[in-house]
Participant: 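Before I ask anything, here is the structure I am working with.
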Amino acid sequence: MAAVMLTAVLSACDQGKPGVDTANPETGLCHAVVTPEEFDASSEPSPPVPCAEPHTTQTFQVTTMPEPLAKQEARPNQQQLKAAGKRLCTSEDLRAYLSASSRDGTIGLAITSYFPDRDAWAAGSRAVRCDVAVTDHHGTPQEIGLDLKDALAGPHSAAVRLCYRQEYKDGILSDDGTDVPCSEPHTAEDISAWIAQDASLATSAGREARCLPYALEFLGTEKLPAGVGVQPIIRTVGTARTVRCAVASARQPAPGEAPELVTGTLAPQRVAVTGGAGKNG
Amino acid sequence: MAEHGFGNATQLRERGGKAQKAFTPAPVRGRKGTKARPLGSLGRYLARTFGPGALTLGPVHGAAMISGLVAAALMVVRLLVPEPVGMGDQGEGHGLVCSLGVMNQRPWDYTEFTKYIHPAWVPHQFYGEGCGANGTGEPNYSSQLLLLWLGKLLTPLTGWGPGLDTRAVGLVCCVVFGLLIAALINVLPGRTWFRILIAALFTGVMADGVFADFFISPYSEPAAFLGILGVSVALLHYWNGNGPRWLALLLVVLATVFTVAAKTQTAAWLPVIALAMLWVPLPRRAADGEAAVVEPPTEGTPAQDAVRRGNRWRALLLPATAVLLIVAFSVAFINAQPKRFAEVNLYNAVFVELLPYSPTPEADLEWLGLDPSFINSMDTTVASTRSAVYNPLYPQFQEKISLGTIAGFYATHPERLITMGERGVTAMLTPELGYVGSYLEGFEHGPYDKERRFPVVLGLFSAAKAAPVAFVGMQLVTLLLGLAVAFRKRSAVGRLAVVIVLGGWFQFWAVMLNGGQAEIYKQMIIVGFMAALCGPLLVALISILASEPGKVPERKRRGRRAKAQQGSADPAIVG
């Protein structure tokens, strides 16, 4: 009886559907990868979903496994594959996909890589799929309805842009701030210019002067627009102090009043969005 | 009760059923007066109440049913009241439970989800390698799926939401445990209260948080625990010789298959199970704990001898067939397990156990036929950044290292087994998994807090860590007493003790040789459970050996001998 029940249970097991072919992945497709195990799996054959619908990952690049691993008849193990994926799916490639300029700072983007399943590998496929996921501050992929293709150049980029929320105490803002996406309330927006602090950057004026050219580059203007100011923060890690250039709304709060927290980005739109319905900004 | 100081001994013997005048001389330095010592009285009272008495067999359905219900209810209460307790998942659960089409509702981050238990699993459609052994999608089969499946059926009825809640699995485990306790009482020998005492001690072992908490978890250990109890019950029933023999054997086969299918490491006690099945059932009368009649050797014709030998072989045919069935199943099951597990176990056996504890790791690598560059990966797991999987020569490891290679290494380096054994015993005596929590989040318990409401086994094991040799000695005593009870008292409980001790030792070395130090505390849980069962078994063995009914009254013995000589059917003579 136990054996019959065991057989019944095993046959009732839903080990997972085969899904789509993993031999020929395509760039730009979005997927609903929900569990850490799916995220870390060697292959990911879930059917793609429209990027305007809730999803967790998007394929930003498809490349080919190099030798010597590519020469192996049997697919390499998970660690070997994932190590190769780290070399093949780089943040530079991702930034290019996002149309990031050198002044665009990002937050909450995790890269993972997928490979052909064992059958597809045996059939000769060596395709490597590079996916990006938008994560929260714990590293958990978030469901988004945004197409990340050229996202940093478009109007819905705030969800992946790095901003800072500084504390307001005794009438002054703290030097450092908490990292948040610009879609959340913040006091300053990172412009991807981080400078080791030296004597010339000891004063606020010195820091602002040093960051000004980067701010202008970020804003795409020759002078600061009205209502926008340079507001660098100072990040201390161990004994190392780094000035992180940032811009912020220049509206002066009333005396004794905390500066207004803003959401969204100050970055200008550069090119048209390629698709997807954003919900950030 | 007693009119004089030594009256109880006589009374006790008389309670044995047959009046027997015993010579009880007055003690030379006895106490004056007629009052019995309180402790002595208590001991005699306990012996009268809980002693095995005549080792009678046969079911006691009423007591069994009530005890089973009480045992199950106690387990349910200890697991769910006042708040659920369980065993936190260290990441292994998904590979098994996902095959029921559910995903765990838990934090994404590893350190976050191990702090507490997360019993809720919600329906989810997995694709490809997203479900199965981590990262590979290879199906992970276990008889625990049967319990999980029943838990999945029960979950919606308990109001714990859709999908699967491991609290419901815990309920299923408690019910199965109650059934096994009821069955155990029916197959144990002796007085009803003696059976209840032993079953209560078994329940005490199971109720310790180091084992019971697994009932509310996604692990396959509960199937192993319940399987071991099931095998124990089935073997006792088989050896008792009650009912159809084929049915008794079938129960042993099913219980063993269930246990082996729980976790592959349990396959290590197959040799012991095989011997147990070939250890033919006890003669009915002898199983009653009475001395067997020694038949005088009779002169027989060669033809008669041949018939007797033939009968003996025929008696072994059925159990031998059953053993073959179990072995075939085990081989098939082990082959069906994820190859990934085998690879990781071999990796751990070399890089986590063999090399780091070696005085000459370079020489060991040479013996194994591996490139010296693998020394850089010593003391790493497959997931480490220095892992050998990143070595371009890793295929060499995959080609050259097998279980046979590891066994060959230790066969030629037996001195290494001593320190390995010491580490294993220490790990076995540390059964609490401190790296996973026992409680739900939000119940005023900190992260990784462990539940220790009934720490009987934990306490004994922790105390034994001061002298691990004494613990091994306790197992050895159990083995020897088991043999004594099996051969002197002709009781199946003795045989069971032998099987449990030897089975535990086989599993111990299987774990140490196949995976070794990596996650050793969890790997040793089943070995620890079998070792903990030595406690109840020791009580049973000592009680049986100390019991008087082993001495068969001379009048009764004479009667039996006469009956046997008349040629009447004697159940002592098997096949």
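In what follows, chains carry the letters A, B, and so on, assigned in the order in which the sequence lines appear, proteins first and then strands, with residues in each chain numbered from 1.
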Participant: Decide side-chain contact (heavy atoms from CB on, under 4.5 Å) for A:Gln78 and B:Arg340; before the verdict, give the C-alpha distance in whole Å, the side-chain angles of both, and the deciding distance to 0.1 Å.
Facilitator: CA-CA 9 Å; A:Gln78 187 194 20; B:Arg340 172 75 175 165; 3.8 Å; yes

Participant: With chain B as the partner, which of A:Pro47, A:Ala83, A:Gly139 has the greatest number of non-hydrogen pairs under 4.5 Å?
Facilitator: A:Pro47

Participant: Can you say whether A:Pro68 sits under 4.5 Å from chain B via the side chain, the backbone, both, or neither, judging by heavy atoms?
Facilitator: neither

Participant: Would you say A:Ser42 and B:Glu129 are linked by a side-chain donor-acceptor pair, where the criterion is simply a distance under 3.5 Å?
Facilitator: no

Participant: Is B:Glu343 close to chain A through its backbone or its side chain, or both, or neither, when contacts mean heavy atoms under 4.5 Å?
Facilitator: side chain

Participant: Any chance you could measure B:Asp109, atom CG, to A:Thr135, atom OG1, to the nearest 0.5 Å?
Facilitator: 11.0 Å

Participant: Quick check for you: among A:Val20, A:Asn77, A:Leu69, which has the greatest number of heavy-atom pairs under 4.5 Å with chain B?
Facilitator: A:Asn77

Participant: Among A:Gln72, A:Gln79, A:Glu44, which has the most heavy-atom pairs under 4.5 Å with chain B?
Facilitator: A:Gln79

Participant: Compare every heavy atom of A:Thr140 with every heavy atom of B:Trp108, then report the nearest pair and how far apart it is.
Facilitator: CB-OG1, 3.1 Å

Participant: Count the heavy atoms of every other residue, nucleotide or ligand shown that sit under 6.0 Å from CD of B:Gln398, and state whether that count exceeds 12.
Facilitator: yes

Participant: Between A:Pro76, A:Gly19, A:Pro36, which has the largest tally of heavy atom pairs under 4.5 Å with chain B?
Facilitator: A:Pro36

Participant: Should we count NZ of B:Lys339 as having more than 12 external heavy atoms under 6.0 Å?
Facilitator: yes

Participant: Would a 4.5 Å heavy-atom cut-off, applied to side chains only, mark A:Gln80 and B:Tyr394 as touching?
Facilitator: yes

Participant: So what's closer than 4.5 Å to chain A heavy atoms on B:Tyr110: side chain, backbone, both or neither?
Facilitator: neither

